[in-house]
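Data block below; observations after.
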Amino acid sequence: MNIVLDDLSGERIAAFLAEHIEDMRATSPPESKHALDLDGLRQPEISFWSVYDGDTLVGCGALKELAPDHGEIKSMRTGAAARGKGVASAMLRHIIRESRERGYTRLSLETGAMDFFAPARRLYLRHGFSECPPFAAYTNDPNSVYMRLAL
């Protein structure tokens with residue numbers, strides 16, 4: 001697997017992220033959908049990476065700087081054909097390493113509370129995250145689970 005910084009200009013990543021948005025629309029009520037589209041990800045405070053297996057795009061993830069000591073994971077996704085093959089763990093380890101290099105003391109995320117998101121929640125727990133209260137601009141939402149990792 002190869003993880004590369006992505007400027008979000010390619011057609012493959014645009015299609016990959018469109019699938020991500022569609023999944024979020026299908027599983028989360030509109031008021032609880034926090035996935036960012038391409039324009040939302042093209043912000044100076046967000047770094048975005050794509051994961052390739054050879055020439056095949058298999059995953060992605062982003063890191064948003066909330067404060068000089070606090071980052072947020074955004075847009076973690078593994079393509080359906082690559083699930084269970086370590087893509088998400090590799091991307092998550094990359095984001096954690098990058099967060100430490102930036103000097104962040106904590107890394108947070110929001111994910112869904114529905115069964116669809118259970119594999120993601122298990123992944124984060126395996127990597128040391130624990131549930132926490134809402135952070136940044138998030139509010140209490142029965143459809144969301146908030147997690148944090150102390151770095």
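Just so we're clear, the structure is a prediction, and the values are computed from it rather than from any experiment.
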Of the non-hydrogen atoms in [X] and [Y], which two are nearest, and what is the gap between them?
X: Ile3; Y: Ala90; answer: CD1-O, 3.7 Å
X: Pro133; Y: Arg148; answer: CD-NH2, 3.4 Å
X: Ala113; Y: Pro142; answer: CB-O, 3.4 Å
X: Arg121; Y: Gly112; answer: NH1-O, 2.7 Å
X: Ala120; Y: Thr111; answer: CB-OG1, 4.1 Å

*Distance-only side-chain donor-acceptor flag, Glu65 / Tyr104, under 3.5 Å*: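 Side-chain D/A pair, Glu65 to Tyr104: present.
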*Does any donor atom in the side chain of Arg100 or Thr105 lie under 3.5 Å from an acceptor atom in the other side chain?*
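Checked: Arg100/Thr105 side chains show no N/O donor-acceptor pair below 3.5 Å.
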*Given side-chain contact (heavy atoms from CB on, under 4.5 Å), test Leu92 with Phe129 step by step and report yes or no.*
CA-CA 11 Å; Leu92 185 55; Phe129 285 79; 4.1 Å; yes
_Phe48 and its side-chain contact (heavy atoms from CB on, under 4.5 Å) partner, picked from Ile13, Leu5, Asp7_ =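 With Phe48 as partner, Ile13, Leu5, Asp7 yield a single side-chain contact (heavy atoms from CB on, under 4.5 Å), made by Ile13.
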Quick one: [atom1] on [X] to [atom2] on [Y], what's the gap to the nearest 0.5 Å?
X: Ile96; Y: Met91; atom1: CD1; atom2: CE; answer: 10.0 Å
X: Leu149; Y: Ser99; atom1: CG; atom2: OG; answer: 8.5 Å
X: Leu107; Y: Leu63; atom1: CG; atom2: CG; answer: 6.5 Å
X: Phe16; Y: Ser50; atom1: CZ; atom2: OG; answer: 8.0 Å
X: Cys60; Y: Lys74; atom1: SG; atom2: NZ; answer: 12.5 Å
X: Ser108; Y: Lys64; atom1: OG; atom2: NZ; answer: 12.0 Å

Does [X] reach the side chain of [Y], with side-chain heavy atoms less than 4.5 Å apart?
X: Asp69; Y: Arg106; answer: yes
X: Thr139; Y: Pro134; answer: no
X: Leu125; Y: Met147; answer: yes

*Does any pair with a residue in residues 75-88 pass side chain to side chain donor-acceptor pair (under 3.5 Å), and if so which ones, sequence neighbours excluded?*
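For residues 75-88, and leaving out neighbouring residues, the side chain to side chain donor-acceptor pair (under 3.5 Å) pairs sorted by first residue read Asp23-Arg77.
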_Donor-acceptor contact present, side-chain Arg93 to main-chain His127, <3.5 Å_ =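 No, Arg93 side chain to His127 backbone: no donor-acceptor pair under 3.5 Å.
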*Judged by atom type as modelled, is there a donor-acceptor pair below 3.5 Å linking the side chain of Asp53 to the main-chain atoms of Thr56?*
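Checked: no pair found.
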Hydrophobic cluster membership, with links at side-chain heavy-atom distances under 4.5 Å among I/L/V/M/F/W/Y: are [X] and [Y] in one?
X: Leu66; Y: Leu109; answer: no
X: Tyr52; Y: Trp49; answer: no
X: Val145; Y: Phe117; answer: no
X: Met76; Y: Leu36; answer: no
X: Leu151; Y: Leu123; answer: yes

*asked:* With a 4.0 Å cut-off on N to O distance, would you call Glu98 and Arg102 a salt bridge?
replied: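 Yes.
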_Counting only heavy atoms from other residues, nucleotides and ligands, does the tally under 6.0 Å from CD of Glu45 exceed 12?_
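Yes.
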*What pairs meet the ring pair (Phe, Tyr, Trp, His ring centres under 6.0 Å) rule with one or both residues in residues 55-92, with sequence neighbours excluded?*
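Only His70-Phe135 qualify under ring pair (Phe, Tyr, Trp, His ring centres under 6.0 Å).
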_Angle between ring planes, Tyr138 versus Tyr146, binned at 30° and 60°: parallel, tilted or perpendicular?_
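Because their plane-to-plane angle lies in the 30° to 60° range, the rings of Tyr138 and Tyr146 count as tilted.
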